[in-house]
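In what follows, a structure is listed as structure tokens, so that the remarks can point back to it.
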Amino acid sequence: MAVRHPSSGSYLAGALLARTGDDMAGPALLLAGLTLTGSATGASSLLAAVTVSAAIGGPVLGALLDRSPRPGRLLAGALVLYATGLAVVLGGLGRVPVAVTLLVAVVTGLLGPALSGGWTAQLPRTVPAARLPRANALDAMTFGVGGLAGPVLAGAAAEALGAPTAVVVSAVLIAAAAPAAWRLPPVSGPAPAPVSGPTAMSRAAPLTCIVTSGVRAIAGSRPLARATLTSVLSCAAQGMLIACLPLLGERAVGGAGFGAALLSCAALSALLANAVLARYPHAVAPDTVLWAAPLLQAGSLALAATGGPVALVVAVAAVGLAEGPQLTALFAVRHREAPERLRAQVFTTGASLKITGFAVGAAVAGPLADRSLPGALLVAAGTAALAVPACFAVRPGGGPAHTTTHA
């Protein structure tokens, strides 16, 4: 009988801390921006700034992790720097020019993929191969638990102590995960022997060339390419929804903090759905979930546009039912298809694209919501719906579809 690796508990505990802090940071920054700038556009710009640079940071971080014999220590440093960046952003709000604060947020966002793809890429080294499907679902559940607790903490701290305090608490939680990252297992086995050909040239190439390996691995595999594209569109729709939540809270019950707390409804339903998947990891094929989940997400966002507190709660909860299984399916496809030598790059590149999609969605939704809140939600619904035809249209490299990517 397979025995769980002793570091798996530490892995999950650290992932939970980091992702709770990360899920708290977004709403906290959004509320702080709204409080200190007085506009949804200013708040969404701050949220977009701290996420948009992930498109650059993710591939670079992934390349460094794949080349490091102790990737956990690199992750620990990234977590500390990310938490420090959030504190600096908060300290600059209202004290330095807005452009400077946004620039600091962009630099901080370079490390964002460490909390998602960079961490998840280490999972196969913490559990036996036979237990990976269940561990994959449990890992996805840390996102759900973090998404449940983070917005509640952000809303509660913002209402009781002010939005700046909420940002501080989120930074502390992220930094507290660094010891667990430090203890993650090293890369097992001896270093690969030198080889000739393209692989040898890639090792000698500058880092700026090496980081493109993750992009090529995704683009060269139909399952990875369509899973990534589907998740990016879904994340863009999610960013639009989150940018609208403070205004939705004000419209529904007269408080922006209620809008942030609504994220917990989505997180709770996502957590419950992933709990079922952890119990029955082979119940539904991951590739099926990837196209079915955006349909539910699109319908839920359209329902949220109709207005009314009850409809809003139901819609946000249904969004979670789509997002939870979709995340588990995405991880399953990446673990199945990613070449071992490029695993971290595939995860961090995919995560960076998702974060960038989220940032673009949040940036677009802010001005739209200032003009028409239902209109912004309908645009979000349309964006989610686009994931379905995109999922079936992907044909990487113009060649035939295939299901396995080889290193």
Next on the checklist: Pair Leu327, Lys354 - check side chain to side chain contact (heavy atoms under 4.5 Å, CB included), show working.
Outcome noted: CA-CA 11 Å; Leu327 183 62; Lys354 284 182 60 181; 3.6 Å; yes
Checklist entry - Between the side chain of Thr230 and the main-chain N/O of Arg226, is any donor-acceptor distance below 3.5 Å? => result yes
Item to check | Rounded distance [0.5 Å steps], CG in Leu378 versus OG in Ser372 | outcome: 7.5 Å
Item to check | Pairs touching residues 337-376 that satisfy ring-ring contact (aromatic ring centres under 6.0 Å, His included), sequence neighbours left out | outcome: His335-Phe347
Checklist entry - Asp139: what forms a salt bridge (Lys or Arg N to Asp or Glu O under 4.0 Å) with it, not counting sequence neighbours? => result Arg19
Item to check | Considering all heavy atoms, the nearest Pro294-Val388 contact | outcome: CB-CG2, 4.2 Å
Checklist outcome for this item: Here the pair of heavy atoms bringing Asp287 nearest to Pro223 is OD1-CB, 4.5 Å
Checklist outcome for this item: Residues at least two apart in sequence or cross-chain that pass side chain to side chain contact (heavy atoms under 4.5 Å, CB included) with Leu386, listed by chain then number, are Leu233
Item to check | Met24 CE to Leu153 CG distance, which is reported to the nearest 0.5 Å | outcome: 5.0 Å
Item to check | Sequence-distant partners of Tyr82, ring pair (Phe, Tyr, Trp, His ring centres under 6.0 Å), two or more places apart | outcome: none
Checklist entry - Which value, rounded to the nearest 0.5 Å, describes the distance between Thr126 atom OG1 and Leu12 atom CG? => result 7.0 Å
Item to check | All pairs passing ring-ring contact (aromatic ring centres under 6.0 Å, His included) where residues 140-174 contributes a residue, at least two apart | outcome: Phe143-Phe331
Checklist entry - With sequence neighbours left out, which residue pairs that include part of residues 44-71 fulfil the ring-ring contact (aromatic ring centres under 6.0 Å, His included) condition? => result none
Checklist entry - Between Leu74 and Leu65, does a side chain to side chain contact (heavy atoms under 4.5 Å, CB included) hold up when you go through it step by step? => result CA-CA 7 Å; Leu74 182 60; Leu65 288 170; 3.7 Å; yes
Item to check | Partner set under side chain to side chain donor-acceptor pair (under 3.5 Å) for Gln122, not counting sequence neighbours | outcome: Arg125
Checklist entry - Do any pairs count as a side-chain hydrogen bond (donor to acceptor under 3.5 Å, both in side chains) and have a residue in residues 290-305, sequence neighbours left out, and if so which ones? => result Ser234-Gln297
Checklist entry - Please, which pairs that meet salt bridge (charged side-chain N to carboxylate O under 4.0 Å, His left out) have at least one residue in residues 167-182, sequence neighbours excluded? => result none
Checklist entry - With side chains defined as the heavy atoms from C-beta onward, is the minimum distance between Val106 and Val50 less than 4.5 Å? => result no
Next on the checklist: Any non-hydrogen side-chain atom of Cys235 less than 4.5 Å from a side-chain atom of Val232?
Outcome noted: no
Checklist entry - Would you call Pro27 and Ile242 a side-chain contact if the rule is heavy atoms closer than 4.5 Å? => result no
Checklist entry - Excluding sequence neighbours, so at least two apart, what forms salt bridge (Lys or Arg N to Asp or Glu O under 4.0 Å) with Arg334? => result none
Checklist outcome for this item: side-chain hydrogen bond (donor to acceptor under 3.5 Å, both in side chains) pairs touching residues 160-176, sequence neighbours excluded, are none
Next on the checklist: For Met240 versus Gly361, what's the shortest heavy-atom pair and its separation?
Outcome noted: CG-O, 3.2 Å
Next on the checklist: The test is side chain to side chain contact (heavy atoms under 4.5 Å, CB included); show your working for Thr108 and Val104 and say whether it passes.
Outcome noted: CA-CA 6 Å; Thr108 301; Val104 174; 4.2 Å; yes
Item to check | Minimum heavy-atom distance between Ile174 and Ala18, given as atom pair plus value | outcome: CG1-O, 3.8 Å
Item to check | side chain to side chain contact (heavy atoms under 4.5 Å, CB included) involving Ala76 - partner list, sequence neighbours excluded | outcome: Ala178, Ala181, Trp182
Item to check | Spacing of CH2 belonging to Trp119 relative to OG1 belonging to Thr348, to within rounding of 0.5 Å | outcome: 15.0 Å
Next on the checklist: Minimum heavy-atom separation for Gln345 and Ala63, please, with both atom names.
Outcome noted: CG-N, 3.4 Å
Checklist entry - Are Thr328 and Pro286 side-chain neighbours, meaning at least one heavy-atom pair lies under 4.5 Å? => result no
Item to check | Inter-residue atom distance Arg222.CZ - Glu337.CD, 0.5 Å rounding | outcome: 11.5 Å
Next on the checklist: Using the rule given for side chain to side chain contact (heavy atoms under 4.5 Å, CB included), can you reason through Leu312 versus Leu303, listing the C-alpha separation, both sets of side-chain angles and the distance that settles it, and then say yes or no?
Outcome noted: CA-CA 7 Å; Leu312 180 59; Leu303 176 61; over 6 Å; no
Item to check | Minimum-distance pair of heavy atoms, taken over all atoms of Leu111 and Leu115 | outcome: O-CD1, 4.1 Å
Next on the checklist: I need the Arg343 CZ to Asp66 CG distance, nearest 0.5 Å.
Outcome noted: 9.5 Å
